Each structure stands twice: as structure tokens, then as C-alpha cells.
Amino acid sequence: MRIATYNVNGVNGRLPVLLEWLEATAPDVVCLQELKAPDEKFPAAAIEQAGYGAIWHGQKSWNGVAILARGGTPVETRRGLPDDPDPAQSRYLEAAVNGVVVGCLYLPNGNPRPGPKFDYKLRWMAAFEALAGKLFDLGEPVVLAGDYNIIPTEADVYKPERWVDDALFAPDVRAAFKRLTDAGWTDALRHLHPDEQVFTFWDYFRNAFARDAGLRIDHQLLNAAAAKRLKAAGVDRSARGLPKTSDHAPVWIELK
DNA sequence: ATGCCCTTGCGTCAAGGA
């Protein structure tokens, strides 16, 4: 079972890229972030045509998350975080697919720091951490996949010194991510590629992708039941090179 | 220290992203 997460940066603007990638790689489950579309503008027909059932949690202009299942339909288990600090922002959706619980998240960016946006990021992370605590011991495999907007360590950014004041690399943000892995959640990509430089995002500025000036901010955290089944993980870098593409690349894991 | 690029929205600029 292959589970992918992909911040599409506008599901309608990137629809040709999304469909090309689905066709080329055929993941079993896909978590999408940054739909930037209200519910009624989610391209459900085109996605169904590609062979995927879907559930989505949209919002006008910003945010928005969706879960796709190849040849089926995800069974929704949660919409929004419990104690969400701002329920108007669509950033969390959760579903069961073939016995695996998949949480799809779009964690707030938090810039500029300090400020209200950074405070919101911290509050959102606290609510997410509380939910993760409940999900870990569910008994079934759980995968929390999405755009975390967190650079976990200096190894996850092309030039750490440039990012010391950024909300993605802030000490309390990195500490929150470390608390999750210390609690037993497995950072799938880093677990299988401990010494490799692996990026999932390259900004549109300064020809960043061509220079490989990237960040690793899209993650899949696995509870113990899911980690036992982890076989492989990787980044579909080729999608980042397509015309009119997202600034993120899809990240995938393979579970036995 | 700042802009770079790219998206959406009632829109020909602003705001958000990371």
C-alpha cells in the first residue's frame, strides 16, 4: 500500500500536474493540501475519472485538504482538529482506508515570527499533539501525513543559517516535532534515509529547484503499528520539474 | 534588509505562502 502526501498549491490551477502524477505513479492513498478552493469547486469528477474516490475539506482562497483512495472511497473519521484554535481554517481531515487510519494535515506556516500567526501555529500544534496522543494507541496503523511547515533539523534545509529566524525552523516548533518522534511516532522518510539530504519543497524564487536549495517540510509520521509495516519511502522529485507545478513535491511511503 | 515567484479573488492590486 503506497500512501502519498502532496501540497498541490491550488488543486484547480495544478489539476493537469496532479492528474499526470496520479497516472504515472498510481498511489493507493493520497493526501492533498492547499486546495485553495471551496468545497463546491473541488474537481471531484476529474479525480474520479482518474480512478480515485475522494473526501475533501475546502475553503475559499486558502488552505483546504483532501484524501483520495484508488478504486474506493476513504471512510471519513474526523474533520477538523478537536479544540481547533480556528475552525474556519480547513487544515485537517482524517479517514480510514483499508484498515489504515490516515490523517491529512496542513499545519500553519506561522510567519512572521513573532506575531499572531506564529501564536496560532503554536496553538494549532498543541491541539494536533493532543490528537496524536490519542491516535497513537488506536491499535490500527495510523499515518499522519501532510505539510507540517516544520524543518525538523539542520540536515533538512539547504542553508540552516538563513532560516534561524523563520517560523518553520523556530526552536519551539522543532521541539514540538521532536516531542512527537520521542513519543514513538516514526518520521518515515528520515527513518529510512538517515544520512541523505532529502528535500520536499523548493521555493519559486532564485531558481531554487535547479540549485536544489530546498527544505524538508512534508512529513509522514507513523505510529508503531504502521512503522512495523514500513518498507520504503521517497520523494517524487520529477513532479516538481513539470511546467505549472507546485512548489512542493509529493512524498510517499510503502507499507506492507 | 529586501525582493525574487506564484496562487486566488470580483481582481488589473492585495494578501498569503515559506
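Quick note: numbers below take in every heavy atom, side chains included, and nothing from hydrogens, waters or symmetry partners. All chains are named by letter (A, B, ...) in the order of the sequence lines, taking the proteins before the strands, and each is independently numbered beginning at 1. None of these values were measured; they are calculated from a predicted model.
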So which one's nearest nucleotide on DNA chain B is more toward 5', A:G110 or A:L35?
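The answer here is A:L35.
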Pairwise 5' ranking along DNA chain B for A:P38 and A:P108, keeping only the more 5' one
A:P38
Within this structure, what is the [atom1]-to-[atom2] distance between [X] and [N], rounded to whole angstrom?
X      : N      : atom1 : atom2 : value
A:F42  : B:dT8  : CZ    : C1'   : 17 Å
A:F169 : B:dG17 : CZ    : P     : 20 Å
A:L168 : B:dG17 : CG    : C1'   : 10 Å
A:N12  : B:dG9  : CG    : C1'   : 13 Å
A:D218 : B:dA18 : CG    : P     : 9 Å
A:D247 : B:dC4  : CG    : P     : 16 Å
A:D86  : B:dG16 : CG    : P     : 13 Å
A:Q59  : B:dG16 : CD    : P     : 12 Å

Tell me whether the side-chain N/O atoms of [X] come closer than 4.0 Å to OP1 or OP2 in [N].
X      : N      : answer
A:K244 : B:dT7  : yes
A:N109 : B:dA18 : yes
A:R14  : B:dT7  : yes
A:H248 : B:dA18 : yes

Could you tell me how the ring of A:F42 sits relative to the ring of A:W56: parallel (under 30°), tilted (30 to 60°) or perpendicular (over 60°)?
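Geometry flag for A:W56 against A:F42: parallel rings.
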Measure up the A:W124 and A:F128 rings against each other and bin them: parallel (under 30°), tilted (30 to 60°), perpendicular (over 60°).
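A:W124 and A:F128: parallel rings.
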Is any side-chain heavy atom of [Y] closer than 4.5 Å to one of [X]?
X      : Y      : result
A:N223 : A:W185 : yes
A:P152 : A:H219 : yes
A:I217 : A:H248 : yes

Rounded to whole angstrom, note down the [atom1] distance from [N] over to [M].
N      : M      : atom1 : value
B:dC6  : B:dT2  : P     : 22 Å
B:dG16 : B:dC4  : C1'   : 16 Å
B:dT7  : B:dA18 : P     : 14 Å
B:dA15 : B:dA1  : P     : 24 Å
B:dC5  : B:dG11 : P     : 25 Å
B:dC10 : B:dA14 : P     : 16 Å

Would you mind classifying the nucleic acid contact of A:Y106 as base, sugar-phosphate or nothing, using non-hydrogen atoms under 4.0 angstrom?
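The residue A:Y106 makes sugar-phosphate contact but no base contact.
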Under 4.0 Å between any heavy atoms, over every strand shown, what does A:N7 touch: base, sugar-phosphate, or nothing? Just pick one.
sugar-phosphate
Taking all heavy atoms of A:R229 and all of A:P141, pick out the closest pair and write down the distance.
NH1-CG, 3.2 Å
Any idea which heavy atoms bring A:A249 and A:Y6 closest together, and the distance?
C-CD1, 4.1 Å
Which residues within residues 145-163 of chain A lie with some heavy atom under 4.0 Å of an atom in DNA chain B?
A:D147, A:N149
Could I get a table of every N or O pair under 3.5 Å where one atom is in the protein and the other is in nucleotides 10-15 of chain B?
| unit_1 | atom_1 | unit_2 | atom_2 | d |
| --- | --- | --- | --- | --- |
| B:dC10 | OP1 | A:K60 | NZ | 3.4 |

Sole candidate of A:T200, A:I151, A:V198, A:L168 that passes side-chain contact (heavy atoms from CB on, under 4.5 Å) when paired with A:D156:
A:I151
Would you say A:F205 stacks on B:dC4, if stacking means ring centres under 5.5 Å apart and planes within less than 30 degrees?
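Base of B:dC4: stacked against A:F205.
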For the residue pair A:D187 / A:Y148, report whether a side-chain donor-acceptor contact shorter than 3.5 Å exists.
no
Checking side chain to side chain donor-acceptor pair (under 3.5 Å) against A:Q33, which of A:N149, A:D147, A:N7, A:T5 comes through?
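For A:Q33, the side chain to side chain donor-acceptor pair (under 3.5 Å) test succeeds with only one of A:N149, A:D147, A:N7, A:T5, which is A:T5.
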In terms of side-chain geometry, is the basic nitrogen of A:D172 or A:K121 positioned less than 4.0 Å from the acidic oxygen of its partner?
no
